[in-house]
Amino acid sequence: MAVQLKTNQTLTLKIKRLGINGEGIAYYKRLIIFVTGALPNETVVARITKATPRFAEASLVKITKKSPNRITPPCPVYEECGGCQLQHLAYNKQLDFKKDLLRQALEKYKPEGYQTFDLRDTLGMDEPWHYRNKAQFQLRKNKKTKQVEAGLYQADSHQLVPLKDCLVQEPTTQKVINVVTKLLTKYDLPIYDERTNSGILRTLMVRIGIETGEVQLVLITKTKKLPQANALIREINQRLPEVVSIMQNIQDKKTSVIMGDETIHLWGQEVINEKINEVSFELSPRAFFQLNPQQTKVLYQEALKALDLSTPKTVVDAYCGVGTIGLSLAKQAKEVRGMDIIPQAIDDAKKNAAALNLNNTHYEVGTAEELLPKWLKAGFSPDAIIVDPPRTGLDTKLLQAIQTTPSPQMVYISCNVSTLARDLVSLAKIYRIDYLQSVDMFPQTARCEVVVKLSKK
C-alpha cells in the first residue's frame, strides 16, 4: 500500500537523479517525490506542495548535504522566472543530465535492444549563455509605476517577471525589447490586460539574424488598430538602426498561442536574413527557425554525418519548415524533397532554394503522412528520410507510411526524448538504431535535442 503524504508536510530526502523538467527525484517509502531545485546526491529538507497517491511534488526548504556540482545561478530572477531550470547545476553536469534524460526515456518505453544502444556524450557549447536569437516577451502595465514592463511568466502561472537582462538571450534582442518597452510607456500605448480582455499590445517578438545582424520587431496586438504607430516607428528608426523590419501580428483570441494568423507589414523589410553553414535563409515573422543558430550548425552537421552522403542520395525532409536542414545538404544530395503544412514556410523554402541556385529540390505544402505515400505511388523512392518533428513526435499515419515502405536510411532529429523513445518502439522493429547523439541546443534549461541514425535491417 503506497503511503499518502499531506500538503505542507516536511521530509528529509535523498535525491537520486534529475527528472524531465530538471527537478530532483527522491523516494519516500517507494513513493516518487519531485523536488524543485534539488540535485542528485543531495540530502534536503523539502515541503510537500502537492500530494497524490502516485507521486508528490515538494519545494526545497534547505540543503543539509550539498552536491559538489551545485553553483550559484548568475541570474537574479532565476528562481521566479521559470525560463531556465538548470542554472544551479555546473554546465558539464548539465550535459551529463541530458544524456541521462535520454536513457530514462528509453528505459521507460523499452524499444527493442535499447539496453545496447550507443548513447553518445552530449555536445555542448563553449559559451553556454546569450545564445537565443529570438525573444517573445509578454507585456503588462505596472499599475504602481505606470511603466510598461516586458518579461516572461513565472512557471505555471500568469504572473509576469519583468526582464531587463536575460542571460540566455542574444544581447541585441534584449536591448531592442528594453528600448521599445520604454517607448510604449512614452507614447502611452494601451497594453493588453488579460483579466479585463482590454487594451491592444500583448507581446513583443524580436528576432536577430546572428550572421547578418539584421533585427525584426513584431508587435503582437489584440486589434488591427495601433495608435501612435508612425511616431513609434519613427523613434524606433532613430534609436535602433539595427531594426530593419517592423511587423504587426494580430492575435484576437483569448489563448496562450502567441501569434495569430494575420501579419501586417509596418515598415522596412518584410523578412530578415540569416545564414547557417553557408546557406542563407529569409525569415518571415511566423517562420519556424532554430533558436540557437550556433548549435544548429552542430546539429545539422551531425544530421549530415548520420546521412553519410559520400554517395549522393535522394532525401525526404519531412517537417521541412523554411528548408533549413534539406538545403544545408542539397549540394551533396541527388534530390531533396520537403513538405510542411505552413504555406508561407514552403514559399520561403522555395525562395531560399532559388537563391542558392539549387535545381534538385522540390517543396510542397501538406503533411508528410499525405505526401509521402503519394510520392511513393508516383514512383519516387527516397534513399533516406530526415524527420524533425514537433515536440509531439511523429504522426501515427507517417509512422505507418514509413513502416510500410521504409527508406534504407533514416535520421530522426528530436526535441523531446519521451516522444522519441515512444516512436523508436515502432521504428526499432524495422531499423537498426546505429547511435543516438545528444546536442545541447538550450543550455541552462532541461530541454535536449537528439540526432538518431537508423539503418534498415
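Given the structure is predicted, the values throughout are model-derived calculations rather than measurements. All residue numbers refer to positions in the sequence shown, counting from 1.
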Pair Asp100 + Arg103, salt bridge at N-O below 4.0 Å:
yes

Starting from the C-alpha separation in whole Å, work towards a yes-or-no answer on salt bridge (charged side-chain N to carboxylate O under 4.0 Å, His left out) for Lys93 and Asp96.
CA-CA 5 Å; Lys93 295 297 172 198; Asp96 293 347; 3.6 Å; yes

Smallest heavy-atom separation, Ser284 atom then Gln216 atom, equals C-OE1, 4.0 Å

Any donor-acceptor pair under 3.5 Å from Glu214 side chain to Glu274 backbone
no

Among Leu226, Leu217, Ile220, find the residue that satisfies the side-chain contact (heavy atoms from CB on, under 4.5 Å) test when tested with Gln248.
Leu226

As an exercise, state the distance from SG of Cys415 to CG of Asp388, rounded to the nearest 0.5 Å.
7.0 Å

Would you kindly say whether Gln344 and Asp348 are connected by a side-chain donor-acceptor distance under 3.5 Å?
no

Taking every heavy atom of Thr255 against every heavy atom of Arg202, the minimum-distance pair comes out as O-NH2, 3.7 Å

Going through the distances and angles, do Arg239 and Glu235 end up as a salt bridge (charged side-chain N to carboxylate O under 4.0 Å, His left out)?
CA-CA 6 Å; Arg239 292 193 185 204; Glu235 194 153 351; 3.0 Å; yes

For Glu302 and Arg120, run salt bridge (charged side-chain N to carboxylate O under 4.0 Å, His left out): C-alpha distance rounded to whole Å, both residues' side-chain angles, the deciding distance at 0.1 Å, then the answer.
CA-CA 12 Å; Glu302 286 303 320; Arg120 303 192 168 176; 5.7 Å; no

Under 3.5 Å, is there a donor-acceptor pair linking the side chains of Tyr412 and Asp423?
yes

Only one of Asp193, Leu201, Asp188, Thr185 forms a side-chain contact (heavy atoms from CB on, under 4.5 Å) with Lys141, so which one is it?
Asp188

Report yes or no: do Ser310 and Asp308 form a side-chain donor-acceptor pair below 3.5 Å?
yes

Any idea how Trp375 and Phe380 line up, ring-wise: parallel (<30°), tilted (30 to 60°), or perpendicular (>60°)?
perpendicular

